[in-house]
Amino acid sequence: MALTMTLQAILNWTNTSVLDLSTVTDSANVTLSDSWTSGTAIDQADKIFHDRRSLAATSEGLDLAGSLTDAFGATITFARIKGLLIKNRETTVGYTLTVGGAAANQFPLFSDVTDKIAIGPDGFFFYWDPSAAGKVVTAGTGDQLKIDAGANTVAYDIVIIGASA
């Protein structure tokens, strides 16, 4: 199997202010792009996990070292995480998804039980590291990615990109 991918993020904006005799406009276009080939070096990845999931007033811990399966049914053992995208699919106010804060064996993007990020309704969290290092996954001590729906039922999409070595 060979994994190739392209990232493209585009942010355009126009901000205007109507004054007495004129309208002032500030606009810009910021485009970020990157392409990766299959492997474990810089600008490379060889493992990907993606899923649409739902949590009903609970949390789950995703074990990044051996419990997830890819689209072909093969078990994935990440050694390094290089990309992470989590999208909260809910649109109702208060339906927040909290990522991080595992009680033990935290994936090192989150340093301890208090290190968390809240993703509000229709929001997303994105981490991208094209280096060869990425974030190291260590089975049994640094491989748990906690995702918590709080008191609500929250559907979310997740994509995890990484390397086997």
Side-chain angles (χ1 to χ4, degrees), residues 2-57 59-60 62 64 68 70-71 76 78 80-102 106-137 144-163:
L3 175 64
T4 60
M5 68 188 110
T6 301
L7 163 74
Q8 191 169 45
I10 301 170
L11 179 61
N12 295 305
W13 70 84
T14 301
N15 188 15
T16 59
S17 179
V18 178
L19 305 174
D20 289 340
L21 298 175
S22 66
T23 300
V24 179
T25 301
D26 168 43
S27 61
N29 176 10
V30 177
T31 301
L32 308 171
S33 63
D34 200 2
S35 295
W36 289 4
T37 57
S38 192
T40 60
I42 189 169
D43 288 328
Q44 292 183 334
D46 63 353
K47 301 289 180 190
I48 188 166
F49 170 79
H50 57 89
D51 200 8
R52 176 163 291 165
R53 303 171 80 85
S54 183
L55 295 172
S59 66
E60 66 179 341
L62 300 179
L64 303 175
L68 303 175
D70 67 15
I76 302 170
F78 288 107
R80 302 175 185 287
I81 301 298
K82 296 184 172 194
L84 176 63
L85 172 65
I86 301 173
K87 166 78 170 127
N88 183 343
R89 299 187 52 79
E90 301 305 323
T91 57
T92 303
V93 173
Y95 282 55
T96 299
L97 198 61
T98 303
V99 180
Q106 297 89 3
F107 165 57
L109 186 60
F110 303 95
S111 61
D112 60 42
V113 71
T114 64
D115 193 4
K116 306 172 189 176
I117 185 157
I119 306 171
D122 208 28
F124 64 90
F125 171 76
F126 186 60
Y127 165 79
W128 191 255
D129 183 353
S131 74
K135 290 291 183 190
V136 175
V137 174
Q144 294 296 309
L145 179 62
K146 182 180 178 183
I147 303 179
D148 190 349
N152 299 303
T153 297
V154 178
Y156 71 97
D157 293 339
I158 186 167
V159 180
I160 305 170
I161 302 161

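Treat the numbers as computed from the prediction; the structure is a model and nothing was measured.
- Leu64 CG to Gln144 CD: the interatomic distance, rounded to the nearest 0.5 Å, is 7.5 Å.
- Of the inter-residue distances, the one linking Ile48 atom CD1 with Ile76 atom CD1 reads 8.5 Å to the nearest 0.5 angstrom.
- Scanning all heavy atoms of the two residues, the minimum distance from Arg80 to Val136 falls at NH1-CG2, 3.0 Å.
- The minimum heavy-atom distance between Ser111 and Asp115, with the atom names listed, is N-OD2, 2.8 Å.
- Nearest heavy atoms, Ala57 versus Ala149: N-CB, 4.4 Å.
- Side chains of Leu55 and Asp148 form no contact here, defined as non-hydrogen atoms less than 4.5 Å apart.
- Side chains of Thr6 and Ser33 form no contact here, defined as non-hydrogen atoms less than 4.5 Å apart.
- The backbone N or O of Thr96 sits nowhere less than 3.5 Å from a side-chain atom of Glu90 that would complete a donor-acceptor pair.
- In this structure, Ser38 contributes its side chain and Leu3 its backbone to a donor-acceptor pair below 3.5 Å.
- At least one side-chain heavy atom of Ile158 sits less than 4.5 Å from a side-chain heavy atom of Ile147.
- Counting all heavy atoms, side chain and backbone alike, Leu97 lies closest to Asn88 at N-ND2, 3.7 Å.
- For the atom pair CD (Gln44) and OG (Ser35), the distance works out to 12.5 Å, reported to the nearest 0.5 Å.
- Contact check on Arg89 versus Asp122 returns no salt bridge, with no Lys/Arg side-chain nitrogen under 4.0 Å from an Asp/Glu carboxylate oxygen.
- Ring geometry for Phe125 against Phe110 counts as tilted: the plane angle lies between 30° and 60°, on a 0 to 90° scale.
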For Asn15 and Trp13, what are the C-alpha separation, side-chain angles and deciding distance, and is it a side chain to side chain donor-acceptor pair (under 3.5 Å)? CA-CA 7 Å; Asn15 188 15; Trp13 70 84; over 6 Å; no
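- We find the CZ-CG distance between Phe126 and Leu32 to be 9.0 Å, quoted to the nearest 0.5 Å.
- Between Leu68 and Asp51, the closest side-chain pair of non-hydrogen atoms is not below 4.5 Å.
- Of all the heavy atoms in Pro121 and Gly94, the pair that sits closest is CG-N, 4.1 Å.
- By the 4.5 Å heavy-atom criterion applied to side chains, Ile81 and Leu145 are not counted as neighbours.
- Between Tyr127 atom OH and Leu109 atom CG the span is 6.0 Å, to the nearest 0.5 Å.
- Of the inter-residue distances, the one linking Asp46 atom CG with Lys82 atom NZ reads 8.5 Å to the nearest 0.5 angstrom.
- Listed here is the closest heavy atom pair of Ser54 and Thr153: OG-CG2, 3.8 Å.
- Side-chain atoms of Asn152 do not come within 3.5 Å of backbone N or O of Val154 as any donor-acceptor pair.
- Counting only heavy atoms from C-beta outward, the side chains of Met5 and Ile161 approach each other to under 4.5 Å.
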Does Asp157 form a salt bridge (Lys or Arg N to Asp or Glu O under 4.0 Å) with Arg53? I'd like the steps, not just the answer. CA-CA 6 Å; Asp157 293 339; Arg53 303 171 80 85; over 6 Å; no
